[in-house]
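Bear in mind that the values here come from a model prediction, so they are computed numbers and not experimental data. These values consider heavy atoms only, across backbone and side chains, with no hydrogens, waters or symmetry-generated copies. The first residue of the sequence shown is numbered 1, and numbering continues consecutively from there.
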Amino acid sequence: MKFFLAIAGMIAGLSAPVIAQQRPISRAPNTIQELFAFLGQCVSLPAGSEGSEITLRFSLNHIGVLRGKPLVAYSKLTGDQDTQRKFIAAALAALDKCTPVPMTEHFGKVAGQKMILWRIISPERRA
């Protein structure tokens, strides 16, 4: 099921909120907003997780490879235990699926020195 994602990110204290729709990004990310849009295209959230959110903390090296394991910095989970596990797994799978990130050389030098916080929110179901 495709969801619109509200993704907010932060690198070293600089906030960069982005609203992203799952759609192909055809070029290498060159800004933090483009990075979150690129990552957002890899997210497929499970049905029944409406209202859940998670913030992943991770870093990338200068060529976009994930350094170590991402950490869950924050989560607010809805639904039963199985749905909650699937939501967390979907967020981690999105990061795994989209890395290494094909960043531009300039952005790679900047992002490669920062800790990244990526917030994924499953929107509320509208009646």
Side-chain angles (χ1 to χ4, degrees):
M1 174 177 243
K2 289 191 175 186
F3 285 91
F4 285 93
L5 304 174
I7 302 172
M10 188 175 354
I11 288 187
L14 300 175
S15 178
V18 178
I19 303 297
Q21 180 182 3
Q22 292 179 335
R23 63 178 181 251
I25 305 298
S26 60
R27 62 187 178 123
N30 191 43
T31 66
I32 190 65
Q33 291 86 359
E34 290 175 3
L35 173 64
F36 292 126
F38 179 83
L39 294 173
Q41 72 184 355
C42 296
V43 177
S44 179
L45 300 176
S49 66
E50 294 80 6
S52 290
E53 60 183 272
I54 192 167
T55 302
L56 299 179
R57 180 179 166 218
F58 61 94
S59 63
L60 302 170
N61 68 13
H62 69 286
I63 58 171
V65 175
L66 192 61
R67 286 185 180 163
K69 292 185 179 185
L71 300 173
V72 175
Y74 172 79
S75 66
K76 180 182 101 178
L77 304 171
T78 61
D80 59 27
Q81 272 192 331
D82 187 50
T83 302
Q84 292 175 8
R85 278 193 294 271
K86 287 179 182 177
F87 182 81
I88 294 168
L92 293 170
L95 191 57
D96 187 52
K97 179 180 176 182
C98 266
T99 53
V101 177
M103 299 183 287
T104 63
E105 183 179 352
H106 174 74
F107 185 60
K109 289 178 182 177
V110 174
Q113 300 176 27
K114 307 292 181 188
M115 187 61 59
I116 301 169
L117 294 172
W118 181 37
R119 185 175 177 205
I120 304 168
I121 302 171
S122 182
E124 298 286 339
R125 183 181 302 257
R126 293 192 175 160

Please check this pair: side chain of E50 against backbone of G48, looking for a donor-acceptor N/O pair closer than 3.5 Å. yes
Main-chain N/O of Y74 paired to R57 side chain as donor or acceptor, under 3.5 Å: no
Applying side chain to side chain contact (heavy atoms under 4.5 Å, CB included), run through F38 and Q41 and close with a yes or a no. CA-CA 6 Å; F38 179 83; Q41 72 184 355; 3.4 Å; yes
Determine whether a donor-acceptor pair (N or O, by modelled atom type, separation under 3.5 Å) exists between the side chain of Q113 and the backbone of K109. yes
Separation between CD1 of I54 and CD1 of I121, rounded to the nearest 0.5 Å: 12.0 Å
Hey, could you give me the CD1/NZ distance between I88 and K86, rounded to the nearest 0.5 Å? 13.0 Å
Euclidean distance, L71 CG relative to L117 CG, rounded to 0.5 Å: 10.0 Å
What class does the angle between the rings of W118 and F58 fall in, given that below 30° is parallel, 30 to 60° is tilted and above 60° is perpendicular? perpendicular
Shortest non-hydrogen contact from A91 to I120? CB-CD1, 3.8 Å
Output side-chain donor-acceptor pairs under 3.5 Å for residues 93-105, partner residues at least two apart or in another chain, one line each.
residue, atom, partner, partner atom, Å
T99, OG1, L95, O, 2.9
T99, OG1, D96, O, 3.4
T104, OG1, N30, OD1, 2.5
T104, OG1, F107, N, 3.2

How long is the span from the OG atom in S49 to the CG atom in D80, to the nearest 0.5 Å? 11.0 Å
Linked hydrophobic residues, I63 as query - side chain contacts closer than 4.5 Å: V65
For S59, side-chain hydrogen bond (donor to acceptor under 3.5 Å, both in side chains) partners two or more places apart: none
Report the C-alpha separation of V72 and L56 in whole Å, then their side-chain angles, then the decisive distance to 0.1 Å, and conclude whether the side chain to side chain contact (heavy atoms under 4.5 Å, CB included) test is met. CA-CA 5 Å; V72 175; L56 299 179; 4.0 Å; yes
NE2/H106 to OG1/T31 distance, rounded to the nearest 0.5 angstrom? 10.5 Å
What's the spacing between E53 CD and T55 OG1 if we round to 0.5 Å? 6.5 Å
Identify the heavy atoms of F87 and S122 that sit nearest to each other, and give their distance. CE1-CB, 3.8 Å
